[in-house]
Amino acid sequence: MKFIRNAFKNLKKNVKNRIKTIKKEHLVREYFNNNILFLTFVVTGVLNSTILRFLCMHSVENYLSWKAVLADTIVVTTIGAFGYLIKPKDRFAYYFSFCIFLTAICMINSVYYTFYTSFASISMLSLTQYIGDVGDAVVENVLQLKDLIYVISPLILIFVHLKLKKKNYYKKVELKADRRKRTFKTLSVSGVLLVIFLITLSSLDISRFFKQWNKEYIVMRFGIYVYQANDLVASVQPKVNAMFGYDKASKEFNDYFADVSDSPATNQYTDIFKGKNVIAIHAESMMTNVIDLKFNGQEVTPNLNKLAHSGMYFNNFYSQVSVGTSSDSELTYNTSLMPTKSGTAFVSYSNRKYIGIPTLLNDMGYYTFSMHANNADFWNRRAMHKNLGYQRFYSKSDYEVEKENIIGLGLSDKEFFKQSVEKIEKINKEHEKWYGLLIMLSNHTPFSEVDKYGEFPVDIKETITKEDGTTEEVVYPYMEGTKLGNYFKSVHYADSALGEFIEELRVKGLLDNTVIVLYGDHDARLPRKNYNRLYNYDKETDSTLDEEDPNYKEYDSYQYELGRKVPFIIWTSDMEGTKLNFTNSNVMGMYDVVPTLGNMFGFYNKYAFGHDIYNIHDNNIVCFPNGNWVTNKMYYNSQKAAYLPLTEEPINEDEIAKNTEYTNRLLDVSNNIIVFDLLNEKKNQELKEVVDNKWN
Ligand code: GP9
Ligand code: MN
């Protein structure tokens with residue numbers, strides 16, 4: 001009896017489930033049937049952007065980037081949702097217009113990528129010099145089949161539309177309220193997907209999204225449509241910023257430079273390098289704290305140490321970067337301007353006039369070039385290096401990039417230098433005087449490809465003698481396995497690449513008439529707690545010393561901020577032992593490079609914010625983009641309105657107020673120069689005429 005009852009129960013359950021499934025299937029089918037046009041629009045929109053990624057970025061990770069698929073789906077679904085507000089008979093026109101628009105985005109980017117290995121930017125298209133380039137590119141490339149594949153989307157949409165029309169699909173009456181409901185429901189789906197998408201974003205995704213220097217990364221994680229919208233906002237923002245306040249900015253600019261001389265002050269270093277060739281090295285993430293640092297008696301940077309100790313070494317030097325990191329360093333190094341307050345000069349203001357070191361050297365008959373074996377559009381260098389005056393920018397496409405030679409973001413520094421020497425050799429034969437900036441890459445965060453850096457233990461090895469007289473080697477892990485430890489390994493690799501480069505230059509005779517200028521572009525961007533282990537390691541417990549311990553070395557937020565120093569070195573092969581071979585410990589910033597080098601090479605930029613270190617000596621001030629500043633006497637944190645004295649000398653409150661005001665004014669004027677394009681004399685003259693005409 002019980003058995004029959006159970007069997008009956010099970011049968012009832014099965015029938016119920018079956019009915020539920022049928023209902024569900026029916027609902028799903030019904031949804032498909034009623035929303036065919038919308039669904040076709042969504043699927044084709046996502047399909048096109050996926051094809052674009054597939055054809056442009058050849059790695060499995062890129063092909064299968066579900067984050068990008070999700071982001072594309074959110075965008076297309078949201079656009080599609082509003083289509084429901086339109087009467088069914090007019091709906092096709094709405095979807096078709098957007099389909100054409102999205103297809104155009106994919107096609108333009110596809111063509112652009114073939115030529116520039118990067119994605120298109122609206123701001124680039126607004127640059128007249130680029131309209132020509134891109135225009136040519138489109139014409140030459142128009143016949144490539146792969147760029148036409150995207151037409152498949154509108155074609156599918158037309159096909160579906162005709163089929164539906166034939167079936168009288170659009171005649172079905174839909175109430176207005178129903179249309180609103182559908183829009184709302186679809187938008188809710190987009191909303192849920194958006195929340196899922198946002199939750200899955202990493203901090204790296206977010207930071208790269210806002211910084212916008214790595215377009216490929218943004219497209220890979222956010223899809224082409226979000227990338228393009230992000231790019232649009234970034235292109236409009238500088239224009240909005242420049243709309244108001246020109247007169248005030250121009251007056252403040254004129255006041256600031258009113259007392260600055262039109263010719264430079266001289267000192268004992270004036271023209272010492274006049275006419276010499278220059279190799280400037282942008283040492284990625286190289287910090288001053290690695291210089292002379294040793295593990296088990298082995299130097300982390302033997303080659304850099306040699307340069308520093310046999311050249312002119314500035315050991316109290318700061319880079320002054322903001323969110324533009326590498327590119328901010330390149331800006332300040334080349335122009336003595338500070339990074340902009342919003343956006344980055346390289347990405348947002350690449351169409352402004354800049355007076356770069358190469359511009360000035362070009363006027364002196366130099367051939368100028370820059371080299372970076374990475375994607376030319378990273379940090380918008382293709383546009384900006386040209387604008388800074390570099391006559392030729394050698395980028396990834398000028399190098400042979402074999403898979404086995406890749407470290408981190410691209411070609412390894414060793415291979416980069418090796419191939420660059422060949423190019424420099426050729427340049428040296430063709431040009432009497434030349435200046436080149438070489439941008440390193442391998443020592444870039446996250447410093448995780450330890451197996452590629454070569455052997456460099458960052459542990460502590462000790463030989464102990466036991467009671468019986470025998471010896472034993474004890475190993476304490478120390479920095480092994482830590483981020484900072486890996487950074488040192490990476491730095492050791494970069495240093496060894498540098499050593500090979502200098503040696504190669506020497507062998508080829510390229511050092512004979514050349515000055516090497518080296519700067520670290522910014523710190524390693526590692527958290528403060530990483531340094532605590534470095535400075536307070538307790539071997540016995542394999543952890544950090546207690547704060548109460550007499551040997552505990554305080555490394556507070558001030559020390560951390562001041563510890564972000566980077567090396568600056570001026571070196572020639574015959575400097576050792578001469579009066580030019582010394583360490584200068586006066587505080588100095590990246591913006592002091594233009595005036596200091598200018599005096600040595602014979603160029604001058606009146607609109608520099610830094611000073612020649614040999615004119616200002618110990619009276620210098622280094623301003624940071626966040627309003628902080630440092631002098632030989634103290635470090636001031638403007639956010640905390642607190643300072644750290646650096647000498648025994650008493651601190652004068654008036655001096656703090658004066659320096660803070662100086663910093664704010666400097667940051668304002670520098671920012672305005674870029675935003676309002678104040679160095680563009682032609683444009684300013686035109687503006688002046690407009691104003692004059694208005695009043696006359
Ligand atoms: C990109 C490289 C890195 O080509 O210069 O830039 P960063 O992340 O250091 O700003
Ligand atoms: Mn960098």
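Counting starts at 1 for both ligands and their atoms, in listed order. All of these numbers come straight from a predicted model, not from anything done at the bench.
With a heavy-atom cut-off of 4.0 Å, Lys396 does not touch ligand 1 at all.
A side-chain donor from one of Asn443 and Ser490 sits under 3.5 Å from a side-chain acceptor of the other. In this model, a donor atom of one side chain and an acceptor atom of the other lie less than 3.5 Å apart for His282 and Tyr519. With 3.5 Å as the limit, one finds a donor-acceptor pair spanning the side chains of Tyr217 and Asp205.
Heavy atoms of Arg208 stay at 4.0 angstrom or farther from ligand 1. Using a 4.0 Å cutoff on heavy atoms, Arg381 counts as a contact of ligand 1.
At a cut-off of 2.8 Å, His522 is counted among the residues with an N, O or S atom near the Mn ion (ligand 2). Look at Thr325 and the Mn ion (ligand 2): no N/O/S atom of the residue is under 2.8 Å from the metal.
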Practice problem: Walk me through it: do Phe456 and Phe488 pass the test ring pair (Phe, Tyr, Trp, His ring centres under 6.0 Å)? | Solution: CA-CA 8 Å; Phe456 187 74; Phe488 294 138; 8.4 Å; no
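The option from Asp377, Val323, Thr325, Leu441 that lies nearest to atom 2 (C) of ligand 1, judged by heavy atoms, is Leu441. Within the set Glu284, Met440, His372, the minimum heavy-atom distance to atom 4 (O) of ligand 1 is found for His372.
The nearest heavy-atom contact from the protein to atom 8 (O) of ligand 1 is His444 NE2, 2.6 Å.
Ring-plane geometry between Tyr535 and Tyr531 is classed as parallel, the angle between the planes falling under 30 degrees on a 0 to 90 degree scale with a further cut at 60. Aromatic ring pairs are classed by plane angle as parallel below 30°, tilted from 30° to 60° and perpendicular above 60°; the pair Phe369 and Trp434 is tilted.
Counting heavy atoms from C-beta on, the side chains of Trp379 and Thr325 come closer than 4.5 Å.
Angle OE2(Glu284) to the Mn ion (ligand 2) to OD2(Asp521): 110° [nearest 10 degrees].
Residue-to-ligand polar distances place Ser326 within reach of ligand 1: an N/O pair is separated by less than 3.5 Å.
Those atoms of ligand 1 that come under 4.0 Å of a heavy atom in Trp379, given as number and element, are 6 (O), 7 (P), 10 (O).
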